[in-house]
Amino acid sequence: MDFKRSDFPEGFLFGAATAAYQIEGHSFGGAGPTHWDSFAAGPGNVVRGEDGAVACDHYHRYAEDLDLLKYAGMDAYRFSTSWARVMPDGRTPNPEGLDFYDRLVDAMLERGLKPFQTLYHWELPSALADKGGWMNRDTCAYFGDYTGVIADRIGDRVAAIATINEPWCVSYLSHFLGNHAPGLKDIRATARAMHHINLAHGVAMTRLREKGMKNCGVVLNFDHTEPKDTSARAAEAAATWDAIMNRWFVEAITKGTYPAEALAGLAPHMPNGWQDDMAEISQPIDYLGVNYYTRHKVTADETAVWPHIASEEGPGDKTQMGWEIYPQGLQSFLTRLSNDYVGDMPIYVTENGMAWDDAVEDGAVVDPEREKFVSDHINATKQAIAEGANVQGFFYWSLLDNYEWAFGYEKRFGMIHVDFETLKRTPKASYHALKAAIAR
Ligand code: FCB
């Protein structure tokens, strides 16, 4: 790869990321049912109807996985704790689940890895989904209770905590586009989820501060958005999409406001009195996590429902997901977020990576496409630092091939190949290349 550790400021962290439901094996250790289990069991929602029951069996194989992180010379590991493992019914603690995270965090520390915890990476306990999930304001208070329980158990040893992973996916992708659990296409549900997920962040922040926790933040996803052509209607459509996708969450959390372009469609469906929540939502955070994958070109489609837009991938090379490879988008977001929203606050690239149809041949996986992708995006990060963004770390998504949500086990994002029959791990060539670069 075309960079070295010494290109980066002292203390810059290199790591890899995962999420509980995608790797652990949800059928183990007394975890409760989640809305992803029932979504996967619905017709046509997930490729081959696959779920996270076994996944990578990280629940039993975590020591081997953490050894692979350490062997690569990584500094930090971004993982998530599963609400439904810690509280199978969303409210009652499960000692077995808490013990697992206790062991996991100790195992990271034994290997010199900084634990970067995420509290919610999407596996909502079914008992709470049954009561309306993120459409129901009460879910925010229950999330606060879960935050308190898990912070009491491992909060003394984690290096950083993020409240929510990708609130846009939790709300818009899941309640308006219907692609993720609970699979709704309902604007009223969407408006409520888009507000309640921000409130859940605020409630969790309040709880973390009560516990004296430091290095608390949130992980947001950003999609580089450009007008498809030079027309005024394409510019307007791109601005609307940028407001829904890229501004709604960061603006609420850092400024306490929602963008007018998004409220134009959502305001009639918002929960009563939402304005009164904005102070809790916008309390200070310590860092911003940025997930970045691709770019879209947007234009107006007056025949479509609000937000009246049509979007498509840009013209460049695509990954196995069909996502355009566009590293400049990462550089541009890191600079924009620093200039317009967070100033000198630390930013971490908490996810960036690509899926490819990797296969093991003669015991090895050769993935030059991923080597280039990672190198180009790490260099884009370096460029943003040179332009003044206070970026303090980069986490590759993902450590392991895993359960890629609606795509099941078909899309391979890992630096480590997983054979889902035998669960054998095989580090890919990109893993070895990253190891070499961060050792330089
Ligand atoms: C992000 C998710 C992560 C993974 C990657 C590919 O949206 O946070 O769980 O699915 O995309």
Side-chain angles (χ1 to χ4, degrees), residues 15-24 26 34-36 39-40 45-47 50-52 55-56 58 77-84 116-124 162-181 197 201 217-224 244-246 249-250 288-296 313 318-326 329-330 333 348-358 369-370 373-374 377 394-416 418 430:
T18 64
Y21 191 82
Q22 293 177 274
I23 63 164
E24 286 176 357
H26 200 72
T34 80
H35 70 171
W36 264 96
F39 182 71
N45 289 337
V46 175
V47 172
E50 290 169 339
D51 61 27
C56 304
H58 176 76
Y77 176 43
R78 175 170 178 246
F79 70 109
S80 76
T81 48
S82 160
W83 187 353
F116 271 60
Q117 181 194 4
T118 299
L119 288 164
Y120 185 72
H121 203 127
W122 306 356
E123 59 290 291
L124 185 70
T163 53
I164 309 286
N165 178 72
E166 301 192 348
W168 180 85
C169 291
V170 175
S171 54
Y172 198 88
L173 184 69
S174 307
H175 296 77
F176 196 70
L177 300 178
N179 294 343
H180 279 188
I197 200 67
H201 158 79
V218 64
V219 170
L220 308 180
N221 56 314
F222 297 93
D223 189 278
H224 193 82
I244 295 170
M245 172 90 226
N246 298 321
F249 303 97
V250 74
L288 178 67
V290 174
N291 292 358
Y292 172 79
Y293 288 94
T294 190
R295 154 171 89 163
H296 281 93
E313 292 292 328
K318 310 287 189 297
T319 70
Q320 189 195 14
M321 299 292 279
W323 295 351
E324 187 197 15
I325 301 172
Y326 190 67
L330 177 59
F333 268 119
Y348 292 91
V349 178
T350 34
E351 282 183 30
N352 172 251
M354 68 173 275
W356 199 252
D357 190 13
D358 303 304
E369 300 80 7
R370 186 174 288 103
F373 182 102
V374 176
H377 284 81
F394 181 98
F395 291 80
Y396 179 75
W397 181 274
S398 179
L399 177 66
L400 304 167
D401 289 342
N402 60 43
Y403 179 66
E404 180 43 41
W405 307 112
F407 297 92
Y409 295 95
E410 201 174 84
K411 307 290 189 220
R412 295 183 173 275
F413 274 93
M415 293 215 127
I416 297 170
V418 177
S430 56

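Counting starts at 1 for both ligands and their atoms, in listed order.
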Seminar exercise, completed: Min over His180, Met321, Glu351 of heavy-atom distance to atom 11 (O) of ligand 1 lands on Glu351
Exercise. Is the closest heavy atom of His121 to ligand 1 under 4.0 Å?
Worked result: yes
Exercise. What residue among Lys411, Arg370, Arg412 forms salt bridge (charged side-chain N to carboxylate O under 4.0 Å, His left out) with Asp358?
Worked result: Arg370
Problem set entry | Atoms in ligand 1 flagged as close to Asn165, the criterion being non-hydrogen separation under 4.0 Å | 8 (O)
For this session: Check whether any side-chain heavy atom of His224 sits under 4.5 Å from a side-chain heavy atom of His296, and report yes or no.
Result: no
Exercise. Does the side chain of Phe249 come within less than 4.5 Å of Ile197's, by heavy atoms?
Worked result: yes
For this session: If the plane angle is over 60° it's perpendicular, under 30° parallel, otherwise tilted; pick one for Phe373 and His377.
Result: parallel
Seminar exercise, completed: heavy-atom search around atom 7 (O) of ligand 1 in the protein gives Glu166 OE1, 2.5 Å
Exercise. To the nearest 0.1 Å, how far is atom 10 (O) of ligand 1 from its closest protein heavy atom, and which atom is that?
Worked result: Glu404 OE1, 2.8 Å
Exercise. Do ligand 1 and Trp122 have nitrogen or oxygen atoms that lie under 3.5 Å from each other?
Worked result: no
Exercise. Is the cationic atom of Arg78 (NZ for Lys, CZ for Arg) positioned less than 6.0 Å from the six-membered ring centroid of Phe395 and within 45 degrees of its normal?
Worked result: no
Exercise. Is it the case that Tyr21 and Ser80 place a side-chain donor and acceptor less than 3.5 Å from each other?
Worked result: no
Exercise. Given Trp168, Tyr293, Phe413, Phe407, which one has a non-hydrogen atom that is nearest to atom 5 (C) of ligand 1?
Worked result: Tyr293
